[in-house]
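Reading through the structure tokens given below for one structure.
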There are 2 protein chains.
Amino acid sequence: MSAEKVTIADVARTAGVSKGLVSFALNNRPGVGAETRVRILQVAQDLGWKPSLRARSLSTQRSFALGLVIARNPEVLASDPFFPSFIAGVESILAAERRALVLSVVPDEETELQTYRSLVADGRVDGVFLSDLRHNDARIPLLTELGLPAVTLGRAEGDSPFPAVTIDDTPGVMESVRYLADLGHRRIAHVAGSTNLLHGTRRREAFAAAMTAAGLPDGQTVETDFSARAGSDATRRLLGQAIRPTAIVYANDPMAIAGLGVAHELGIRVPEDLSITGFDDIDFCRYVFPPLTTVSAAPAVWGRAAATTLLQLMEHGRADDVDLPAARLIIRGSAAPPTRH
Amino acid sequence: MSAEKVTIADVARTAGVSKGLVSFALNNRPGVGAETRVRILQVAQDLGWKPSLRARSLSTQRSFALGLVIARNPEVLASDPFFPSFIAGVESILAAERRALVLSVVPDEETELQTYRSLVADGRVDGVFLSDLRHNDARIPLLTELGLPAVTLGRAEGDSPFPAVTIDDTPGVMESVRYLADLGHRRIAHVAGSTNLLHGTRRREAFAAAMTAAGLPDGQTVETDFSARAGSDATRRLLGQAIRPTAIVYANDPMAIAGLGVAHELGIRVPEDLSITGFDDIDFCRYVFPPLTTVSAAPAVWGRAAATTLLQLMEHGRADDVDLPAARLIIRGSAAPPTRH
DNA sequence: CCCATGAACTGAACCGGTTTAGTCAACTAT
DNA sequence: ATAGTTGACTAAACCGGTTCAGTTCATGGG
């Protein structure tokens, strides 16, 4: 029927008021008589008027969209389901708000910064999510300069003007080490993620601290880039030694799963000859054998919280940091007491 | 310096011409004198003028953005890295075009259709990618009705007005079966994906056809939803039988990897006691043990081709179907001749 | 020589909202 | 009774582009 697009002028004419008043009524701002407001809204409803997002964008200088720029290397991106889950969480909040998510996947940091610039220059987004925080993260001064609201996933180091939505990984790593130590392991190694990444460093530090707390000698640590390939290589190196660790704590699940593959290949039984733990609790953990003991991270919950916080920041100009329940150890079958030998 | 935003009016004034002419010059349309055009562009450059995307959107009724709506269930989404790779491919094309990608992740088909409607109502996107095609796909008539350009990933059944970008998976499945048959397998089962999905059905039919072509009896087929969990369950069922298959062809890698886990758990050796093949060649295939023999799908390439095609459709009003190189079998270590027993 | 043609360019309308300045009537305070 | 205030509402400007109907002027054909 009324396939023709109806504009604010149509509503105004039909309701017998001016365009401006319709706008006021719609955005329920003061200055509109009570019954007039009702009438206007009624007419709008009858006519099926949907204010044009584009027109609104032009005059308000807002886009009603949020941005996410992902700068992971393709290998890591492909094996880590963090973002799909995180995004699903974000969307569950945005959908109700008539807001959209603009996604960019870029190959490197250079392009990443450039992408933020053009996102702002084009007014594509009103705010962004900052994930995979790095040391001295160049995005923070950039976004500050650009005046773009943002929420960081995890607390940024230094002083960041942006609210942080955080899941503390430290307890999860501590628990992993503690659990392995309690099982009787003494030679525990760590396959760390990239130390460029804050969470890479943090997990690594948590590992070191936990070893000390458990009264164990410093564990061997191998740095990687978080990719399955790197996890495989690191494991091969650790297990190729004359005296090898009896347990390995991996900084993420893809690396742990790759490590499990290497152990199988080398004929090293898990968990009898080698115990391993992962981090993130990706879906695959449950389906490899033995099922992977890991630390839960709840990316979807994280997405919801981050979206909520970002929206609040944009509405009210400020938002509090949010601390989500700390990641906890999930015990499955990939760890057991070490066998004497 | 010139942090103030410069508009087309500034350029016009500085160049001593009218706004309209600047617009003409910018969009290099006829009706502008050669040296005037040069002068205008020079002035624009000097002033650092960037035409406002929002203003342009309003007057041209375009958004300069493409949309992708993903309606997978969270479990499948979380274990299948198809989309991250696909999106990376899409982005590699869009970035150069100053276009953005709007992503929606929705929980069900109902919401999915609603999302397309609001994407159009809000004029968020100028075109969309249609993935995970289904039988009698409701999206096709909907988008036709809405007049939104689209590209389908794979050929839609029935008559679709949209160009299709296709990777034929039939040869890959055929090769898998053929390969297993040549190794000497006769009891080959298939863990199929959802038959709601076109590629689920197609792979299943390819499997059946391949069995016939190899002169083998019809293989046992279990339908699933493509999730790792379903792959695990299906495998458990197949291997729990008195007479079990000696090889299983999975319709995707997550299910194959989950199946591998089940086999390990049951003490069934792969590939000695059971051969398996996957589909998609996700990163993990290389890192589980034994490494998974699978079929390559090249989602990033698919993304590039789909983006290119969609852009062409939007520019020129039409675009040809694209057939990408067919998926091929990649032989790794998860299949071997069956052991007599 | 005159008129038709067309290229170069202008002015204004237009896209569809928001916002501000200002009008008008009713109400309050003095 | 009168000036001042307040609330409801209008008209017009504004956001920053695109587009279209005209105007101007040079050119060329008849």
Side-chain angles (χ1 to χ4, degrees), chain A residues 2-41 43-44 47-65 98-99 120-124 126 315, chain B residues 2-41 43-44 47-65 98-99 120-124 126 315:
Chain A
S2 57
E4 315 314 316
K5 54 199 62 163
V6 20
T7 74
I8 197 172
D10 299 321
V11 176
R13 192 168 344 97
T14 310
V17 296
S18 67
K19 277 173 37 172
L21 203 62
V22 175
S23 175
F24 280 9
L26 178 76
N27 300 312
N28 41 43
R29 289 163 45 148
V32 187
E35 72 285 14
T36 311
R37 158 163 298 148
V38 171
R39 179 162 46 91
I40 291 175
L41 295 179
V43 169
L47 263 47
W49 175 57
K50 281 279 190 183
S52 151
L53 190 75
R54 290 202 262 250
R56 205 196 257 245
S57 274
L58 178 57
S59 52
T60 61
Q61 308 284 38
R62 297 190 295 153
S63 60
F64 306 95
R98 208 184 160 194
R99 280 192 167 80
V120 170
D122 288 352
R124 290 268 191 200
D126 300 326
E315 300 283 283
Chain B
S2 58
E4 315 314 315
K5 54 199 59 161
V6 20
T7 75
I8 197 173
D10 298 322
V11 176
R13 191 170 344 99
T14 309
V17 296
S18 68
K19 276 172 40 171
L21 204 61
V22 175
S23 176
F24 279 11
L26 178 76
N27 301 312
N28 40 44
R29 289 162 45 147
V32 186
E35 73 286 11
T36 311
R37 158 163 298 146
V38 171
R39 179 162 46 93
I40 292 176
L41 295 179
V43 169
L47 264 46
W49 176 57
K50 281 278 189 183
S52 150
L53 189 75
R54 290 202 263 249
R56 206 195 257 243
S57 275
L58 178 58
S59 53
T60 60
Q61 308 284 37
R62 297 190 297 153
S63 60
F64 307 94
R98 208 184 158 193
R99 280 192 168 79
V120 170
D122 289 351
R124 290 268 191 199
D126 300 327
E315 301 282 284

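Keep in mind that this is a model prediction, so the values were computed, not measured. Naming convention: chains lettered A, B, ... in sequence-line order (proteins, then strands); numbering from 1 in each chain.
- Note on B:R56: every side-chain N or O is 4.0 Å or more away from OP1 and OP2 of C:dC15.
- In this structure, B:R54 and A:Q61 approach most closely via the heavy-atom pair NH2-O, 3.1 Å.
- B:L26 and B:R56 make their closest contact through CD2-NH2, 3.4 Å (heavy atoms, listed as atom of the first residue, atom of the second, distance).
- B:V22 comes within 4.0 angstrom of nothing in the nucleic acid, heavy atoms only.
- Candidate nucleotides C:dG17, D:dG17, C:dC9 were compared by shortest atom distance to the side chain of A:S52, and C:dG17 ranks first.
- Between A:W49 and C:dG17, a side-chain N or O to OP1/OP2 separation shorter than 4.0 Å is present.
- Residue A:G20 is classed as a base contact, given a heavy-atom separation below 4.0 Å to a base.
- Of the residues near DNA chain C, B:F24 and A:S23, the one whose nearest nucleotide (by heavy atom distance) lies more toward the 5' end is B:F24.
- As judged by a 4.0 angstrom heavy-atom cut-off over every strand, A:G123 is placed among residues making no nucleic acid contact.
- Checking the phosphate oxygens (OP1, OP2) of C:dC15, no side-chain nitrogen or oxygen of A:T7 falls inside 4.0 Å.
- Among the atoms of the strands shown, none is found under 4.0 Å from any heavy atom of A:R62.
- Residue A:S18 has its side chain nearest to D:dT10 when only D:dT10, C:dG17, D:dG16 are considered.
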task: Output, in order, the C-alpha distance, side-chain angles, deciding distance and verdict of side-chain contact (heavy atoms from CB on, under 4.5 Å) for A:F64 and B:D122.
output: CA-CA 10 Å; A:F64 306 95; B:D122 289 351; over 6 Å; no

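- Between the base of C:dG11 and the side chain of B:K19 there is no donor-acceptor pair shorter than 3.5 Å.
- With DNA chain C read from its 5' end, the first of the two nearest nucleotides for B:P30 and B:L58 is the one closest to B:P30.
- Using a 4.0 Å heavy-atom cutoff across all strands shown, A:S57 reaches no nucleic acid atom at all.
- Note that the two end axes of the helix from C:dC1-D:dG30 to C:dT30-D:dA1 enclose an angle of 50°, each drawn from 5 base pairs, rounded to 10 degrees.
- In this structure, CD1 of B:I40 is placed 11 Å from C1' of C:dA8, rounded to the nearest angstrom.
- Side-chain contact between B:K5 and B:K50: absent, with no pair of heavy atoms (C-beta onward) separated by less than 4.5 Å.
- Evaluated for a side chain to side chain contact (heavy atoms under 4.5 Å, CB included) with B:W49, the options B:V6, B:D10, B:V43 yield exactly one hit, B:V6.
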